[in-house]
Each structure stands twice: as structure tokens, then as C-alpha cells.
Amino acid sequence: MATLSHTQDTSLTTSNRFELDIPEYFRNTVFNSIWRVVFAILMVAANIIIIRATFTAKPVGLSFFLAPNGVVTPLGNAILFLTNGALLTSIIVILWLVGLVAVVISAGRHHWPGPTQWLKDSLYTGPFGAMVTLAGVTLIVFAIRGLLSWAVFGALFSTNPDAVKLLKDVTPGAIWGVIGANTKLFSVGQFPSEQIWRVWASLGIVLLLAALSLLAWNFSSPLKAFRKVLVWLWLLSLPAILWLLYGLPGMETVPTLRWGGFLLTVVLSVVGVVVSFPIGLMLALGRRSEVRGVPYLWMYGAGLLFIFWGVAGFPSEPVTLNIPVLFRDPPIWVVTLSPVAYALLQAIFIVGIFWSIGYFLGGNIIKAFSVAYIEMIRGVPLITVLFMAQILLPIFLPKDVEIDNLLRVTVGIILFSAAYLAENVRGGLQAIPKGQYEAAMAVGLSNAQSMRLIILPQALRLVIPAIVGQFISLFKDTSLVSIVGLLDLLKIAQVVVAQPDWLGLQRETYAFVALVYWIFSFAMSRTSQRLEKKLGVGQY
Amino acid sequence: MLSDNDIIICEEVHKWYGEYHALRGVSTTVKEGEVVVIIGPSGSGKSTWIRTINRLEEHQKGRIIVDGTELNNDLRNIQEIRREVGMVFQQFNLFPHLTVMQNITLAPINVRKWSRDRAEEEAMKQLERVKIPEQANKYPGQLSGGQQQRVAIARALAMQPKIMLFDEPTSALDPEMIKEVLDAMQELAESGMTIMAVTHEMGFAKNVANRVIFFDQGNIVEEKPPQQFFDNPEEERTKLFLNQILHH
Ligand SMILES: Nc1ncnc2c1ncn2[C@@H]1O[C@H](COP(=O)(O)OP(=O)(O)OP(=O)(O)O)[C@@H](O)[C@H]1O
Ligand SMILES: [Mg+2]
């Protein structure tokens with residue numbers, strides 16, 4: 001009794017004259033349970049359907065250049081020949097059969113040259129494996145064929161709207177002109193053309209800093225002292241760039257309304273992560289705080305806030321409250337409060353909330369606030385936070401203060417991102433053993449010093465991958481701002497497909513936008529992996 | 001009874017972990033330059049006690065006075081005392097992200113406010129004292145356990161403390177590395193440092209200590225010079241414990 005998969009084991013016990021007993025083999029692998037038989041029938045049926053479909057697949061359409069005026073060029077002919085459905089399918093099936101025969105012969109001769117060994121182990125692992133291989137290869141080849149014919153062979157690359165108008169109906173593939181003609185919109189939105197140099201200058205600053213950083217971190221010895229300076233330069237570069245984009249004093253301002261496209265996407269995600277970092281850090285430390293009672297610093301902060309509120313939001317006239325009351329006719333209790341009483345009532349209400357949270361969490365109001373904030377934000381989707389920032393922020397601020405829409409959205413993103421950052425950082429903090437805190441205390445470091453010098457450097461190094469992951473997801477999530485009226489990369493795509501010249505080219509436009517998101521996300525994730533290795537995360 | 005050169009004074013020290021009464025009225029004094037070894041069964045509260053002396057654990061009743069300063073909730077007092085009290089842990093607790101040199105100079109620079117040069121000079125002195133000056137620029141993860149523990153000793157000494165606390169400094173080490181750490185401790189004792197050490201190394205207790213304290217169930221059972229302690233212990237519990245560890 002010999003089967004394909006048992007040949008090697010049995011070789012020692014059976015005679016040298018080895019015979020492949022095919023009925024026995026199928027008895028062992030297919031006909032040993034009713035479910036396997038059913039499964040085998042389904043697999044064969046699926047393969048027949050796939051092969052029939054691909055065999056009759058229509059020939060690839062050719063672009064204007066490969067078939068000008070309906071006359072196909074030699075190159076076009078070659079492509080048509082190579083991508084012919086019947087031909088492709090025949091080749092796949094023949095190759096598959098050749099492989100199968102090679103494997104069966106090798107099994108019969110009990111001799112496995114390298115290639116057949118590989119074929120057996122990876123493509124023909126039993127009858128089901130062989131079936132999956134056939135179906136898989138066919139589907140992959142035809143997917144690639146379809147993609148290539150749409151994106152390349154059948155595509156039109158002209159950015160001239162008139163030419164496109166003429167050739168639109170005879171072009172079987174993509175019309176990429178929609179991207180080429182709108183590169184400026186995609187990259188910077190409606191940023192004024194004569195001010196584009198500011199974007200280039202910003203890019204220059206970033207590239208320069210990146211180059212210097214590469215040098216400083218790769219050739220460690222002479223440039224080590226320079227690293228600290230670089231970190232500060234990086235931190236400074238963000239406000240500097242934003243200011244430059246907006247317009248330094250004496251320059252023409254570019255209102256944020258006109259920032260758009262990829263530029264806006266990058267600005268939103270970078271500012272979101274950078275600014276939310278210190279906030280997230282404070283929240284993470286706050287959540288682990290063991291301080292009881294309200295520290296003085298917070299009292300001063302709250303006091304200032306109330307003063308600000310009092311000055312800014314004090315009602316100038318008595319306020320009438322309609323309080324619904326049951327068992328009363330009419331079921332409403334009308335109370336008129338003087339401005340002072342109203343403000344006092346608000347203050348008592350807010351202090352009361354804080355106090356009761358604090359009370360129920362053992363007086364640890366810092367922790368109470370951090371937990372409440374983090375869990376509240378994490379419990380709602382980003383889009384609701386964005387709406388809140390749009391609608392609620394103006395309510396909390398004095399009436400005539402108009403805030404920039406971009407700023408409002410950015411605040412929303414920062415508030416959202418901070419909660420997630422806090423949880424990531426907390427994970428890192430929890431991974432630091434208690435002994436580190438104790439050793440730091442035992443040598444006499446203060447709490448703040450041991451955090452800054454001992455705990456955070458280790459904890460943050462541990463959470464770099466998580467933070468990069470968060471940045472990547474924030475980078476993609478910024479596409480939600482299109483809902484609240486900002487022209488980010490995705491919204492620009494919507495604008496572009498509505499242009500009269502390029503009406504209805506959704507496929508091209510969204511494929512391009514997806515590709516941009518993918519390229520940058522992928523690049524960042526690879527960079528973070530390298531960074532991890534370099535910083536030795538997880539290995540000391 | 002109290003004299004001028006009492007550097008650690010414990011009076012009726014109590015500590016509770018929730019319901020559990022971990023220290024039950026510990027009273028003793030340690031003189032300047034004295035070497036005290038604490039032994040006792042596992043879970044008896046030795047670590048808890050030694051850690052109350054630099055306030056890694058808070059006591060809830062009684063008084064602890066270290067170098068003339070009483071330990072209470074005043075943060076400044078605690079910081080001041082921690083500057084004068086060095087501690088060495090069973091698990092070394094070196095800072096893994098810093099080199100040996102940075103581990104040692106961190107506190108002198110940030111707490112004592114020394115210049116980097118002065119701190120590094122002092123660090124080299126202490127590394128030579130524990131006989132590993134050549135490891136200064138390595139990271140803790142690149143050292144053997146015995147070397148790491150000696151770095152931990154040097155780190156504590158670089159603050160120029162008046163008192164050194166050791167909590168089972170050799171328990172996490174392979175046998176061949178125990179001696180190098182004990183040698184460093186013995187050299188320290190001979191230089192006149194005040195030492196309190198929890199250890200199971202009876203040789204160290206016999207040869208180096210001025211006094212051995214037997215600790216059980218959250219309190220001192222018996223304390224004597226080593227000679228008397230090992231040769232004729234008074235208490236039944238001490239005898240039982242000595243029997244167990246010496247005849248093993
Ligand atoms: N953080 C804590 N919370 C609750 N109980 C604790 C805590 N730390 C220690 N204990 C308890 O206090 C008792 C004394 O612990 P301690 O670590 O001081 O013992 P030990 O004498 O040092 O023992 P060992 O020789 O095993 O180190 C033990 O019963 C322990 O379970
Ligand atoms: Mg212990």
C-alpha cells in the first residue's frame with residue numbers, strides 16, 4: 001500500500017520495486033468520508049466554472065495608442081495575443097497537468113528531484129491541494145490581466161480635456177488624465193498658485209531635517225551632541241511650517257479655507273499626533289495617579305477657568321429657566337435667576353460633578369478626570385467628536401469669537417487622538433517593573449525626575465510601534481473631515497469627479513486616492529519596523 | 001539609652017497591608033559603623049522592615065529616625081533621607097536603558113547637583129572599588145548577574161550615603177558569582193559603613209556582622225553578636241530556625 005504522501009515513510013519497509021496504487025490513494029484521501037466526496041465534487045465543479053469563464057473571457061481592449069483609428073499596431077497585436085483568454089487558460093491548464101504528471105511519475109519512481117519535491121510540497125499536496133492550485137492560479141492570472149488591461153493597455157493617458165472628450169467613448173480602460181490634470185488640486189487643494197513655493201519650502205525644511213537626522217543618528221560619535229538640537233528643531237519646525245503656510249507677517253495670508261488635498265491630510269494628521277502627544281501623556285500619567293484630593297495646581301487652573309467663563313459667558317440679563325415638573329398644572333416651573341445666581345448655579349453644578357466623581361473614586365480627582373475623559377472619547381466614533389467640535393466649541397466660547405473651521409476640526413482630532421495615545425502610553429507604563437520605580441526612589445530621585453529619566457524613556461520606547469500604528473490610522477481617519485466641509489484628499493476626489501471635463505471618472509480617481517493612502521501607510525509601517533529594530537524595542 | 005551615634009532608631013514600628021499585620025512593634029537601634037545582618041523565615045517581614053527605613057514602605061505606627069531625621073509624610077524629609085541611605089535589591093534593578101556609567105552618575109548629577117565630570121570621577125572610583133572599572137560603558141543587559149549587582153552597589157555608593165541597606169543581594173545569583181558580591185560588601189563593612197543586610201549567607205553573618213537579628217512573624221525575636229547568636233541562641237524559635245538552615 002503506497003500513497004503519494006507516504007512514499008518516503010514506507011520506502012524503508014517496502015521493497016525497492018515501488019508501485020503507485022492510484023485507486024488505493026484515492027480511497028485514502030477522498031473516498032474515506034462522505035464530506036470529502038461532497039467537497040471534492042464542489043471543488044471540481046468550481047474549477048470547471050472558473051476555467052470555462054476564463055476560457056471565453058473577452059480579449060483585452062486596447063488604448064488609442066495601441067490601436068489608432070481601429071488599426072492595431074504590432075505591439076498591440078502582441079499584447080492581444082499574450083492576453084488572449086483561451087490561450088492563457090490553455091497554458092495554465094497544460095502547465096498544471098505537466099506538474100501533476102511530474103509529481104505522479106516521481107511518486108511512482110520513488111525519486112524526488114528538487115523541483116518536483118517543491119511542487120509536491122507546495123502546489124500538489126494531495127487532490128484538494130492540486131484543485132486549489134488550479135483555481136487559484138487561474139483567478140490570479142485573470143485578475144492581473146484585467147487590471148493591466150484596464151490600467152495600462154486599454155488606458156488613455158492624455159491630460160488634454162478635448163482629446164479625452166473625443167476618445168472617451170472608444171477607450172476601453174482607465175482615463176488617467178483626470179489625475180494628471182488635477183495634480184495641484186490633489187496635492188494642495190486651492191492653495192493659491194503663486195504661493196505654492198511655501199509648500200515647497202516646507203517640504204524642503206522637512207527633507208533637510210530628515211537628512212540631518214539620518215546623519216546624526218547613523219554616524220553617532222561626532223554628531224551625537226547635535227541630536228538634542230535636532231529634536232528641538234523638529235519640534236519647532238511644525239509651528240514654523242504652519243505659520244509659513246498661513247503667511248508670516250508682511251506676507252499675504254492664505255486662509256485655511258484654501259488649504260486642501262494631501263497637504264491638508266498631512267497637516268491634520270501630523271498636528272493631531274504631535275499636539276495630542278503631551279495631552280495623552282498627561283492623561284496616561286493621570287490615570288495612574290495616586291494623589292488623593294485636589295492638588296493646588298488644579299484648583300488654580302479651575303479658578304482661572306471659572307474667571308474666564310464668568311467674564312466671557314456671564315449673561316447680561318436675568319435668565320428664565322423652564323424646569324419641567326410632574327404633578328403640576330402646567331407641568332413647568334418657571335424660575336427667573338439673576339445673572340450672578342445663574343453663574344453661581346453653573347459653577348456649583350460643575351464643581352458638584354467633579355466633586356462627586358472624585359468622591360466615588362476615593363478623592364483621586366485626577367484619575368477620575370482622566371478615566372472619564374479617556375473612556376468617553378474612546379466610546380464614540382471620531383465623526384461624532386468632529387461634529388461636537390464643530391457645534392459645541394462655539395457654545396463654550398464667547399459669542400463673537402469666530403474660530404477657524406480648520407482649527408475646530410484640528411481640536412476635535414487632537415482631543416480624539418489624545419485618548420488613544422493615553423491608552424497606548426499607559427500600556428508602556430504598565431510594562432515597567434515596580435523595581436525600576438523603587439530603584440529610582442531609593443537613589444533619591446523625586447517623582448518627577450524618576451518619571452522623566454527612568455520610567456518614560458523606557459515606556460515610550462516600548463510603545464513606539466503602537467504610536468506609529470495610531471498615527472497610520474489617524475492619517476487614514478482624517479478622510480472623515482470631508483464630512484464637515486474640509487477639502488482633504490478624499491473630498492478633493494469628490495470635487496474632481498464632479499468637474500465637467502472629467503465627469504464620472506470615479507474609478508480612476510478613487511483608485512488613485514486609495515493608492516496614495518496605501519503607499520504612505522505602508523511606508524510608515526515599514527519605517528516603524530526599522531525604527532523598532534534600531535531602538536532595540538523588546539531587547540535590552 | 002539613646003546615644004549620639006545611633007544612626008537608625010526604630011521605636012515600636014507597626015505596618016499593616018490591609019488587614020495583614022506585617023510589622024508588629026519593631027524596636028531597635030543601629031549605631032554608626034555597625035554591620036547588622038537580618039535573618040529569618042520567608043514571609044516574616046524582613047524586606048518590609050528594611051524598606052521602611054528608606055520609606056519604600058510606609059509605616060503606620062511608631063517612629064523611625066534616620067540620621068537625626070524622623071520619617072513622616074513630609075516629602076522633603078524623605079528625599080533627604082534617601083540621599084543618605086543607599087539600597088541594593090535582590091533583582092539589581094539597574095536602569096536598562098542607561099549605560100553603567102549613566103546608571104551611577106544619574107543620581108549624583110540630578111539629586112546632588114554635581115557636575116558631570118565630578119560625578120564620573122566619583123563613579124570610576126566606586127567601579128574600581130567593586131572591581132569592574134572596565135565595564136563602565138556597557139549596558140546592564142551585557143553584564144553577568146554578579147557584575148550587575150556590583151554596579152548596583154557602586155550606584156548606591158556614588159551618592160556617598162551614610163547607610164547601606166541590602167535586601168538579599170545574593171539570592172538571585174549563581175553560586176560562583178556570590179563571592180564577588182560578598183567580597184564587595186565585606187570591603188564596604190571594613191571601611192566603616194553602617195550596613196543593614198537581609199541575607200541567607202551565614203558565613204557573611206559570622207565573619208562580618210557586629211550583630212545578627214533574627215526576625216519572625218513581623219518582629220525581632222532575638223538580636224546578638226554573631227558568636228553568641230550562632231553558639232547559644234536563647235529563644236526556641238531561633239534554635240529551630242538555625243537547626244533548619246544549618247543542617248541542610
Ligand atoms: N504589597 C504587599 N501587599 C500585601 N501583602 C504584602 C505586600 N508585601 C508583602 N506582603 C506580605 O507581608 C509579609 C512579609 O513580606 P516580606 O516580603 O517582608 O517578607 P520577607 O521576610 O522579606 O520574606 P522573603 O524571605 O521571602 O523575602 C508576607 O506575608 C507578604 O505576603
Ligand atoms: Mg524579602
Side-chain angles (χ1 to χ4, degrees), chain A residues 217 220-222 224-225 227-228 231 289-293 295-297 362-364 425 428-465 467 531-540, chain B residues 47 50-51 53-58 73 75-76 78-99 102-113 138-143 148 151-161 163-167 172:
Chain A
W217 266 271
S220 48
S221 38
K224 213 164 187 173
R227 286 182 190 175
K228 224 177 214 165
V231 170
S289 157
E290 279 163 16
V291 180
R292 299 282 142 147
Y296 288 115
L297 213 67
N364 192 338
V425 171
L429 289 173
Q430 268 165 350
I432 307 299
K434 208 167 134 243
Q436 291 290 308
Y437 292 89
E438 291 177 349
M441 285 196 278
V443 291
L445 296 177
S446 67
N447 270 337
Q449 282 175 327
S450 45
M451 263 301 152
R452 186 167 60 84
L453 299 166
I454 307 299
I455 308 302
L456 284 180
Q458 297 182 58
L460 292 182
R461 207 176 296 199
L462 285 175
V463 297
I464 285 175
I467 290 179
L531 197 68
E532 262 169 64
K533 273 209 196 98
K534 191 150 185 184
L535 291 174
V537 174
Q539 48 168 37
Y540 274 121
Chain B
S47 298
I50 204 170
R51 287 155 60 88
I53 288 166
N54 67 349
R55 196 67 165 193
L56 288 184
E57 301 286 355
E58 213 172 295
N73 278 326
L75 271 176
R76 272 164 307 169
I78 298 172
Q79 295 261 265
E80 205 164 294
I81 284 167
R82 284 182 182 156
R83 245 174 274 172
E84 307 304 333
V85 179
M87 182 151 194
V88 176
F89 302 86
Q90 182 175 352
Q91 300 298 341
F92 326 140
N93 294 350
L94 294 177
F95 307 130
H97 62 302
L98 302 177
T99 63
Q102 290 167 331
N103 261 278
I104 301 175
T105 55
L106 186 79
I109 291 175
N110 287 288
V111 180
R112 288 235 190 265
K113 308 291 177 199
K138 289 196 183 160
Y139 283 89
Q142 299 167 309
L143 303 182
Q148 289 192 44
V151 172
I153 294 174
R155 177 176 71 181
L157 290 177
M159 283 292 282
Q160 303 188 330
I163 302 165
M164 284 285 285
L165 307 175
F166 290 86
D167 190 1

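Everything quoted here is computed from the prediction, not taken from an experiment. Just so it is clear: chains get the letters A, B, ... in the order the sequence lines come, proteins before strands, and each one is counted from 1.
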Examine whether an atom of B:Phe89 lies under 4.5 Å from a heavy atom of chain A, and if so say whether it belongs to the side chain, the backbone or both; otherwise answer neither.
->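 The answer is the side chain of B:Phe89.
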If one checks every heavy atom of B:Leu165 against chain A at 4.5 Å, the contacting part turns out to be neither
Assess whether atom NZ of A:Lys228 is packed by more than 12 heavy atoms of other residues, nucleotides or ligands within 6.0 Å.
-> no
Which atom of A:Ala439 lies closest to which atom of B:Asn93, heavy atoms considered | CB-O, 3.4 Å
Can you name the closest pair of heavy atoms from A:Gln458 and B:Pro96 and give their distance?
->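 Residues A:Gln458 and B:Pro96, closest heavy atoms: OE1-CG, 3.2 Å.
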So do A:Val443 and B:Val111 actually touch side chain to side chain, heavy atoms under 4.5 Å?
->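 Sidechains of A:Val443 and B:Val111: no contact.
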Between the CG atom in A:Leu456 and the NE2 atom in B:His97, the distance rounded to the nearest 0.5 Å is 9.5 Å
Can you tell me how far CG of B:Leu106 sits from CG of A:Leu453, rounded to the nearest 0.5 angstrom?
->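 Going from CG on A:Leu453 over to CG on B:Leu106, the span is 5.0 Å.
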Salt bridge (Lys or Arg N to Asp or Glu O under 4.0 Å) contacts in which one or both residues fall within residues 428-457 of chain A, not counting sequence neighbours =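 For residues 428-457 of chain A, and leaving out neighbouring residues, the salt bridge (Lys or Arg N to Asp or Glu O under 4.0 Å) pairs sorted by first residue read A:Lys434-A:Glu438, A:Glu438-B:Arg51.
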Would you give me the side-chain donor-acceptor pairs under 3.5 Å for residues 80-88 of chain B, sequence neighbours excluded?
| from | atom 1 | to | atom 2 | distance (Å) |
| --- | --- | --- | --- | --- |
| B:Arg82 | NE | B:Asn54 | O | 3.0 |
| B:Arg82 | NH2 | B:Arg55 | O | 2.8 |

Greatest number of heavy atom pairs closer than 4.5 Å to chain A - which of B:Gln91, B:Arg155, B:Gln79, B:Met159 |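 When all of B:Gln91, B:Arg155, B:Gln79, B:Met159 are compared, B:Gln79 has the most.
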